[in-house]
Amino acid sequence: DLKIDAASTCIATLAAGATCTVVVDFTSTTAGSPTGDFVIVSQGGVSKSVQVTANVLPPAKLAATPAAPSLVAAPGGTSPDLDINVGNTGGMVTGQLGVLLAGANAADFKIKADLCSIVTLAGGAAHCTVTVVYTPAAGVVANETATLTITDKGAGASVATVVLTGIPNLPSTLTLTPPSANLGQVAPGASSAETLFTVTNTSATASGQLTVAVNNTNITVSSNTCATKATLVLGDTCTVGVKLTPPATVGPQAISAALTVTGATGKVSASLTGSIVTGPAISATPASVNFGSVFVNQASAVKSVTIT
């Protein structure tokens with residue numbers, strides 16, 4: 001690793017008391033702290049050793065984390081901020097840093113804040129951040145990609161690359177069949193027959209785990225195969241059954257409610273109707289009949305009473 005430089009002046013005889021200069025070049029291909037002896041030999045056989053030491057630092061090396069993140073946003077919207085942490089894992093200080101966003105779908109990604117282009121990074125723990133967001137245009141339905149590149153413009157010429165994936169958050173198109181149902185007339189303490197609803201996912205976006213709710217305590221969910229599935233993919237189905245089950249203490253009333261099925265990216269509702277009755281209701285019209293004055297053993301005029 002040592003070499004005599006051409007600028008050395010110790011190339012001829014040296015008179016008593018005179019001086020000359022030996023210029024030594026040190027070049028190392030590995031980091032560390034090497035040591036060695038540099039030996040000067042005279043023609044008379046007299047030698048002198050000079051110990052040489054050095055601290056060889058590794059070149060600047062950029063690293064970015066996360067290296068392959070995903071950002072999610074609804075078309076026409078904006079994702080949460082994502083901070084890219086850029087560090088120098090080498091030993092030498094970097095030069096000025098350059099930050100570039102490029103790639104097939106770079107227009108749908110934005111650099112929201114850049115704290116790297118204004119600094120140099122010392123070796124070790126020094127770092128800076130670049131904040132990016134995903135802003136898919138309206139109508140985007142497929143995943144998109146772009147590349148964020150951070151370049152050391154100094155002697156090290158190190159480069160760190162981050163592959164960005166944008167995922168458009170499309171609402172899951174869930175359907176309920178039938179869209180409405182009449183659960184019929186039920187007496188307090190009794191139960192109607194079960195009415196089944198079929199839930200279908202008609203979009204390419206998975207629904208996620210589904211939850212089922214009815215906003216009326218007189219109606220119960222009697223069966224639910226949706227609870228056994230982690231998600232519904234395109235074309236997948238599950239069923240929900242409901243019954244009108246009023247407690248014995250309620251009075252007669254009309255029922256109007258909604259069955260709602262909710263997923264991670266969408267929900268759908270069906271309307272429910274029915275009635276709670278307390279038993280057969282009989283009415284007589286007219287409520288009273290007056291036969292007037294009648295002689296003994298003589299029949300009165302005929303009067304009619306309508307029972308409903």
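Judged by distance alone, with hydrogens and angles left aside, the side-chain atoms of K110 form a donor-acceptor pair with the main-chain N or O of A107 at under 3.5 Å. Under a 3.5 Å cut-off, the side chain of T231 and the backbone N or O of G208 do form a donor-acceptor pair. With hydrogens and angles ignored, the 3.5 Å screen pairs a side-chain donor or acceptor of N215 with a backbone N or O of A258. Counting only distance, with no hydrogens or angles, the side chain of S222 and the backbone of G241 share a donor-acceptor pair below 3.5 Å. Not one N or O on the side chain of T273 forms a donor-acceptor pair closer than 3.5 Å with the backbone of I255. Counting only distance, with no hydrogens or angles, the side chain of T202 and the backbone of T173 share a donor-acceptor pair below 3.5 Å. With hydrogens and angles disregarded, a donor-acceptor distance shorter than 3.5 Å links the side chain of S192 to the backbone of L244. Using modelled atom types, one side-chain atom of S203 and one backbone atom of T205 make a donor-acceptor pair closer than 3.5 Å. With hydrogens and angles disregarded, a donor-acceptor distance shorter than 3.5 Å links the side chain of K229 to the backbone of T237. A donor-acceptor pair under 3.5 Å is formed between the side chain of N88 and the backbone N or O of M92.
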Under 3.5 Å donor-acceptor pairs involving side-chain atoms of residues 73-85, not counting sequence neighbours:
from : atom 1 : to   : atom 2 : distance (Å)
S79  : OG     : Y134 : N      : 2.8
D81  : OD1    : K112 : NZ     : 3.1
D81  : OD2    : K112 : NZ     : 3.1
D83  : OD1    : T131 : OG1    : 2.6

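Shortest non-hydrogen contact noted between P188 and P247 is CB-O, 3.4 Å. When all heavy atoms of A270 and F197 are compared, the closest pair comes out as CB-CE2, 3.7 Å. A pairwise comparison of heavy atoms in S117 and Q96 identifies O-NE2, 3.9 Å as the closest pair. The two residues L62 and I150 come nearest to each other via the heavy atoms CD1-O, 3.6 Å. Nearest heavy-atom pair across S271 and S180 is OG-CB, 2.9 Å.
Between atom CD of residue Q253 and atom OG of residue S275 there is a gap of 9.5 Å, rounded to the nearest 0.5 Å. Here L115 contributes atom CG and L97 contributes atom CG; the two are 11.5 Å apart, rounded to the nearest 0.5 Å.
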For L196 and V240, run side chain to side chain contact (heavy atoms under 4.5 Å, CB included): C-alpha distance rounded to whole Å, both residues' side-chain angles, the deciding distance at 0.1 Å, then the answer.
-> CA-CA 6 Å; L196 276 179; V240 178; over 6 Å; no
Applying side chain to side chain donor-acceptor pair (under 3.5 Å), run through T225 and T239 and close with a yes or a no.
-> CA-CA 5 Å; T225 65; T239 59; 3.2 Å; yes
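Annotation: disulfide (SG to SG under 2.5 Å) contacts involving residues 202-238, sequence neighbours excluded, comprise C226-C238. Annotation: disulfide (SG to SG under 2.5 Å) contacts involving residues 120-204, sequence neighbours excluded, comprise C116-C128.
Between P168 and the choices V141, N143, D108, the side chain to side chain contact (heavy atoms under 4.5 Å, CB included) rule is met once, by N143. When each of L164, V162, T149 is checked for a side chain to side chain contact (heavy atoms under 4.5 Å, CB included) with L101, only L164 meets the rule.
Using a 4.5 Å cut-off on side-chain heavy atoms (C-beta onward), I276 and N218 make contact.
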